[in-house]
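Since the structure is predicted, the reported quantities are computational estimates derived from the model, not experimental observations. Letters go in sequence order (proteins before strands), and every chain restarts at 1.
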2 protein chains.
Amino acid sequence: MTIQSRMQAKNASPRILGAARAIAHREGAGKITIDAVAREADLSKGGVLYNFPTKRALLAGLLDEMLAEHRERLASVPEDRRSRTLRGHLEAIVQARAVDDDLSMAILAAAASDPRLLDPLRAELTGDLERILSDTQDTSGAMVVVLAIQGLRFQKLLGLPDGGAGLRGRVIEQLRAMINELE
Amino acid sequence: MTIQSRMQAKNASPRILGAARAIAHREGAGKITIDAVAREADLSKGGVLYNFPTKRALLAGLLDEMLAEHRERLASVPEDRRSRTLRGHLEAIVQARAVDDDLSMAILAAAASDPRLLDPLRAELTGDLERILSDTQDTSGAMVVVLAIQGLRFQKLLGLPDGGAGLRGRVIEQLRAMINELE
DNA sequence: CATTATTCACCGTCCATTCGGCAATTTTAT
DNA sequence: ATAAAATTGCCGAATGGACGGTGAATAATG
């Protein structure tokens with residue numbers, strides 16, 4: 001560990017972001033501190049601050065990473081399907097593992113420390129929403145699905161009751177059906 | 001629990017909680033600090049800590065207040081209607097004004113500082129969900145509505161795009177219709 | 001050698017919490 | 001009924017720790 005960890009990696013940023021995610025997942029979004037992240041990433045505090053000159057930048061980096069993964073998930077939906085963006089949003093949360101939870105914690109951390117950090121997320125979602133709504137005539141029907149997906153996100157994030165895995169599966173199935181019925 | 005048992009002549013607790021809400025609303029959940037709350041409530045720091053011996057207790061107090069208002073809103077739905085709890089949840093968010101927003105910020109503050117603070121909220125929602133699901137055969141249909149309502153909450157809280165007031169109104173109308181169609 | 005990545009030692013600030021005291025109020029004793 | 005004692009509600013200064021950030025020195029890379 002000492003030898004490898006002392007070797008300079010090309011870029012410690014991913015390790016740092018991973019460490020931040022791990023802390024957020026384990027101890028809560030509020031525990032993301034530069035010292036803690038440095039410890040977790042096996043790096044000095046200066047090392048962290050070299051890659052992310054401020055804590056704000058670190059949080060912004062977390063969100064950026066999240067948005068990148070989000071875009072990737074959306075892109076994985078076949079081009080030709082109707083309601084492509086909406087499907088992407090749903091499948092993104094279906095496939096979400098622990099990693100995704102951590103990144104949602106980043107939203108909380110960002111929102112708590114500085115609501116403006118969420119601006120890129122807002123911009124992204126605004127674009128998504130436009131695409132989703134222009135994909136169908138039944139805008140309110142589509143919006144209900146969007147909202148339910150967001151509800152799933154935060155339910156998981158905050159550990160709110162979900163009625164059990166079975167129900168969850170049926171809900172997702174139903175949301176898929178609702179998307180199919182959009183015109 | 002030292003929630004409301006202090007009803008002696010002078011009691012600064014409500015003023016303190018109000019101050020905390022005001023700060024959360026104005027500057028974000030992360031800015032809730034004992035000093036700031038004391039200043040806002042026109043009280044000394046010691047005064048705040050006399051009423052809420054720790055910051056954790058203060059946040060717990062915020063959540064407790066929120067749950068009380070939540071219960072009140074639920075109780076305002078006529079006894080005889082079907083899907084009473086579910087309707088209550090929906091109407092609660094329809095009627096929500098600024099006050100409610102502030103209290104949602106309290107959720108963020110609590111989640112960020114210590115996820116366990118959300119335990120009472122989880123318990124309350126678990127009970128609500130049980131009632132909601134036992135009110136109907138179409139559990140996944142009901143759950144979709146629950147999730148959409150939660151989505152509305154966080155959308156508002158985080159300032160995420162909502163497609164405009166018109167769409168929002170139609171969505172709420174549609175959710176009402178979905179509730180009516182539950183069996 | 002030049003650039004990049006990282007360490008190390010600090011600094012100043014903020015912040016939760018503690019503590020001793022104080023005025024007003026309430027309780028107890030006389 | 002009244003003096004004494006205890007309690008309540010709060011103040012304000014002090015403490016100590018955590019946290020974000022800086023800058024000079026050092027190691028690694030190419």
Side-chain angles (χ1 to χ4, degrees), chain A residues 1-20 22-24 26-63 106 108-110 112-114 116-117, chain B residues 1-20 23-24 26-63 106 108-114 116-117:
Chain A
M1 140 178 163
T2 26
I3 293 180
Q4 275 229 340
S5 63
R6 288 209 173 270
M7 298 204 343
Q8 257 186 40
K10 271 192 176 180
N11 190 354
S13 297
R15 222 169 72 233
I16 293 171
L17 292 176
I23 291 168
R26 228 176 33 231
E27 309 175 39
K31 297 287 177 55
I32 296 184
T33 182
I34 304 206
D35 292 87
V37 170
R39 241 176 286 131
E40 180 86 14
D42 197 20
L43 208 69
S44 74
K45 182 149 68 158
V48 172
L49 282 159
Y50 176 78
N51 289 273
F52 298 96
T54 74
K55 181 180 179 178
R56 202 170 185 279
L58 174 60
L59 293 175
L62 273 180
L63 276 170
L108 280 200
S113 98
D114 180 357
R116 284 186 173 195
L117 281 169
Chain B
M1 306 261 266
T2 57
I3 303 168
Q4 275 203 353
S5 47
R6 305 263 180 277
M7 287 303 283
Q8 302 281 340
K10 297 178 181 179
N11 188 337
S13 295
R15 224 170 69 234
I16 292 171
L17 291 177
I23 291 167
R26 228 178 31 233
E27 310 175 37
K31 297 289 177 55
I32 296 183
T33 177
I34 309 262
D35 291 90
V37 171
R39 239 177 289 130
E40 181 87 15
D42 196 21
L43 210 68
S44 77
K45 193 158 30 170
V48 173
L49 283 158
Y50 175 78
N51 288 274
F52 298 96
T54 73
K55 184 180 178 177
R56 201 172 186 280
L58 174 60
L59 294 176
L62 274 179
L63 276 170
L108 279 200
S113 97
D114 181 356
R116 286 185 170 195
L117 281 169

- Note on the structure: Value for OH (B/Tyr50) from CD1 (B/Ile16), rounded to nearest 0.5 Å, stands at 11.0 Å
- Message: What is the separation between atom CG on B/Asp114 and atom P on C/dA16, rounded to the nearest whole Å?
- Response: 14 Å
- Message: Among D/dC19, D/dT22, C/dC15, which nucleotide has an atom closest to any side-chain atom of A/Leu49?
- Response: D/dT22
- Task: Determine, step by step, whether A/Asn51 and A/Asn11 satisfy the side-chain contact (heavy atoms from CB on, under 4.5 Å) criterion, reporting the C-alpha distance in whole Å, the side-chain angles of both residues, the deciding distance to 0.1 Å, and the verdict.
- Result: CA-CA 8 Å; A/Asn51 289 273; A/Asn11 190 354; 3.4 Å; yes
- Query: When rounded to the nearest 0.5 angstrom, what distance separates CG in A/Leu58 from CG in A/Leu17?
  - Reply: 6.5 Å
- Item | For B/Phe52 against B/Gly61, the heavy-atom pair lying closest together | CE2-CA, 4.4 Å
- Sequence-distant partners of A/Arg56, salt bridge (charged side-chain N to carboxylate O under 4.0 Å, His left out), two or more places apart: A/Asp114
- Query: the helix from C/dC1-D/dG30 to C/dT30-D/dA1: angle between its terminal axes, five pairs each, to 10°?
  - Reply: 30°
- Message: Distance check needed: D/dA18 C1' versus A/Ile23 CD1, whole Å only.
- Response: 14 Å
- Message: Has B/Ser44 got a side-chain atom pairing as donor or acceptor with B/Gly47's backbone, closer than 3.5 angstrom?
- Response: yes
- Message: Tell me which pairs pass salt bridge (charged side-chain N to carboxylate O under 4.0 Å, His left out) where either residue lies in residues 30-39 of chain A, with sequence neighbours left out.
- Response: A/Asp35-A/Lys45
- Note: contacts of residues 37-47 of chain B with DNA chain D (heavy atom, under 4.0 Å) are B/Leu43, B/Ser44, B/Gly46, B/Gly47
- Task: To the nearest 0.5 angstrom, please state how far the CG atom of A/Leu59 sits from the CG atom of A/Leu108.
- Result: 11.5 Å
- Task: Return the set of residues passing side-chain contact (heavy atoms from CB on, under 4.5 Å) with B/Ala38 (not counting sequence neighbours), or none when no residue passes.
- Result: B/Val48
- Closest non-hydrogen atoms of B/Ala112 and A/Ala112, given as atom of the first, atom of the second and distance, are CB-CB, 4.3 Å
- For B/Lys31 and C/dT13, what is the distance between atoms NZ and P respectively, to the nearest whole Å? 18 Å
- Using a heavy-atom cut-off of under 4.0 Å over every strand shown, decide if A/Ile34 touches base, sugar-phosphate, or nothing. sugar-phosphate
- Item | Interatomic distance, B/Leu43 atom CG to B/Leu49 atom CG [nearest 0.5 angstrom] | 10.0 Å
- Sub-4.0 Å heavy-atom contacts from residues 50-59 of chain A onto DNA chain C, ordered by number: A/Tyr50, A/Asn51
- Message: Just the rounded figure in Å: distance from C1' of C/dT17 to CG of B/Asp35.
- Response: 11 Å
